[in-house]
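Counting convention: from 1, in listed order, for ligands and their atoms alike.
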Amino acid sequence: MNDIFEKITSLAKRRGFVYPGSEIYGGLGGFYDFGPLGVELKFNIKQAWWRDVVQFRDDVVGLSAAIIMNPKVWEASGHVSGFSDSFLECTKCRKRFKIEELEQEKEKKFICASCGEIFEGKVRKFNLMFKTSIGSTEDSASVAYLRPETAGGIFVNFKNVLDTMRVKIPFGIAQIGKAFRNEINPKDFIFRTREFEQMELEYFVKPGEDEKYFEEWLERRLEWYRSIGLKNIRTYEQAKEERAHYSKRTVDIEYKFPFGWQEIEGIANRGDFDLKAHIKVSGIDLSYFDEEKKEKFIPYVIEPSAGVERIALALLCDVYHEEELDSGDKRIVLKLHPKLAPYKIAIFPLLANKEKLVELARRVFNKLKEEWFCAWDDRGNIGKRYRAQDEIGTPYCVTIDFDSLEKDDVTVRDRDTMKQERIKIKDLKDYFSKFL
Ligand code: GAP
């Protein structure tokens with residue numbers, strides 16, 4: 001299984017999905033850069049999420065809050081005092097291990113998995129928030145934090161949205177953005193990093209209706225994963241002692257990675273923890289007044305929270321296939337759902353040095369790219385060009401050959417079936433509209 005993971009991570013680097021962060025300076029642990037294909041994949045994931053959670057609904061609005069907020073936000077939310085991991089540090093090599101990760105037999109005896117020495121250190125706690133300072137002095141008054149979750153920005157804007165938008169309970173506020181955690185042990189490629197993107201919804205409901213909406217959102221989120229073609233998912237109900245300090249109930253959506261079942265999204269019932277905490281610290285009334293029933297209450301919150309990079313990694317693992325062809329050759333193909341594939345169509349002039357072919361191919365390219373993200377490739381033989389597009393998950397390839405000049409048609413090749421058919425150039429947009 002690790003062999004497969006190795007192949008997937010190497011493909012991600014080799015084909016421009018993910019690069020190690022600051023690579024020319026030796027990298028920086030827990031930080032990655034997303035290359036030309038990675039940025040498209042992430043964009044498509046975020047767009048699919050936004051369409052489902054915001055655009056297709058009349059009860060959810062969007063938000064983009066600042067990453068750095070008044071530190072009181074994180075004092076109120078309990079992150080300054082409670083957002084920490086317990087770790088054990090090897091006295092010899094100084095490598096730190098998260099307590100819950102010391103599961104393997106040899107680690108239970110507390111033998112360092114890195115250098116083989118026996119641990120002597122004490123269990124210590126470590127706050128996961130990145131600290132920074134604002135302004136020219138670095139005293140305690142200037143301390144600020146990079147947000148560890150995007151949710152904080154939503155809670156502090158609850159009243160703004162209520163006062164400026166025509167929303168009524170139940171309604172949600174959605175946000176996609178960067179979050180930062182100084183993870184003790186970033187690992188498994190882009191699975192656990194120190195900088196990542198979250199897609200979060202805070203759905204405000206009347207107390208007592210929280211369980212009903214919890215179930216609704218859990219089902220809707222599972223349905224979304226099915227709609228983007230992700231298989232191998234399951235749910236996991238967190239035990240009380242596993243839950244975050246704010247949670248009444250949490251169900252994780254897990255994906256079966258080559259390194260085991262792991263969380264890609266958490267659905268939490270945060271109750272009224274956050275709004276109450278912000279009322280207490282800010283002194284501002286964040287309750288809701290129901291005009292029809294003439295009653296005032298502090299809403300409960302249902303929170304589906306997903307990580308963009310974890311979903312991207314799950315997808316890469318899920319759609320990676322190695323296939324034996326009739327010719328005896330092998331092909332690597334990413335069977336990504338077309339709406340997530342970085343490029344939708346690749347356009348090839350059969351020969352790069354035949355002016356007429358290139359001219360017609362350019363015309364086809366310009367026409368199709370008005371609608372879809374298209375790749376252009378005029379190098380090497382057509383078989384190699386197909387293989388290269390299969391490897392990055394491009395659903396369709398279009399080849400312009402000498403017949404195209406006579407008959408105004410092209411060869412369209414399907415990534416998954418590898419079947420080819422001739423389509424008239426004038427019909428191409430209609431043809432692809434059916435699939436893309
Ligand atoms: N607001 C709730 C919250 O932040 P979480 O379970 O800590 O809950 C939600 O995070 C999601 O964010 C996770 O399911 C995961 O997809 C993503 N995530 C959390 N920590 C991450 C990390 N260090 N690297 C990558 N993604 C992470």
Side-chain angles (χ1 to χ4, degrees), residues 18 21 28-32 34 38 42 45-46 49 53 63 65 67 69 73-74 77-79 82-85 98 100-101 126-130 145-156 172-203 214 217-218 221-222 224-225 230 233-238 242-255 257 259 261-271 273-274 277 301-317:
V18 186
L28 186 64
F31 295 91
Y32 287 89
F34 288 81
K42 280 182 62 176
I45 293 169
K46 289 184 275 186
W49 185 89
V53 172
L63 180 82
I67 287 175
M69 289 182 278
V73 173
W74 306 114
S77 68
H79 284 80
F83 193 54
S84 50
D85 266 351
K98 271 175 91 157
E100 63 261 39
E101 277 169 8
F126 173 80
N127 193 295
L128 296 180
M129 282 197 295
F130 276 103
Y145 303 95
L146 302 192
R147 66 181 176 201
E149 58 171 10
T150 62
I154 298 181
F155 294 121
V156 300
I173 306 177
Q175 175 164 226
I176 299 179
K178 292 265 186 179
F180 302 82
R181 295 182 192 176
N182 198 357
E183 297 281 0
I184 293 168
N185 197 8
K187 64 172 194 173
D188 295 322
F189 193 41
I190 54 170
F191 177 80
R192 191 196 293 147
T193 53
R194 292 183 165 126
E195 174 176 341
F196 52 95
E197 271 188 283
Q198 287 187 316
M199 304 187 288
E200 297 200 301
L201 168 71
E202 306 302 325
Y203 195 74
F214 187 100
W217 276 106
L218 177 58
R221 295 301 304 136
L222 287 167
W224 183 78
Y225 285 105
L230 190 68
I233 53 172
R234 70 173 188 191
T235 54
Y236 171 78
E237 176 97 39
Q238 285 192 12
E242 292 175 290
R243 282 183 227 142
H245 59 281
Y246 50 70
S247 174
K248 281 178 72 189
R249 182 185 176 197
T250 300
V251 173
D252 291 339
I253 298 178
E254 296 187 331
Y255 174 75
F257 287 97
F259 46 87
W261 286 100
Q262 292 287 345
E263 172 191 342
I264 52 174
E265 167 158 357
I267 323 274
N269 181 345
R270 292 177 78 128
F273 176 90
D274 299 272
V301 178
I302 305 303
E303 177 198 65
S305 168
V308 181
E309 291 82 0
R310 282 200 189 170
I311 296 173
L313 184 61
L315 281 165
L316 289 177
C317 295

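Protein residues with any heavy atom under 4.0 Å from ligand 1: Glu149, Arg181, Glu183, Phe191, Arg192, Thr193, Phe196, Gln198, Glu200, Tyr246, Glu263, Ile264, Glu265, Gly266, Arg270, Glu303, Ser305, Ala306, Gly307, Arg310.
The minimum heavy-atom distance between Arg221 and Ala306, with the atom names listed, is NH2-CB, 4.5 Å.
In this structure, Glu200 and Gln175 have side chains that are not in contact, with every pair of non-hydrogen atoms separated by 4.5 Å or more. With a 4.5 Å cut-off on side-chain heavy atoms, Glu303 and Tyr246 count as touching.
Between His79 and Trp74, the angle of the ring planes goes over 60°, which puts this pair in the perpendicular group of the 30/60° scheme.
Between Phe191 and Phe189, the ring center distance fails the sub-6.0 Å criterion.
A donor atom on one side chain and an acceptor atom on the other are not found under 3.5 Å apart for Glu309 and Tyr32.
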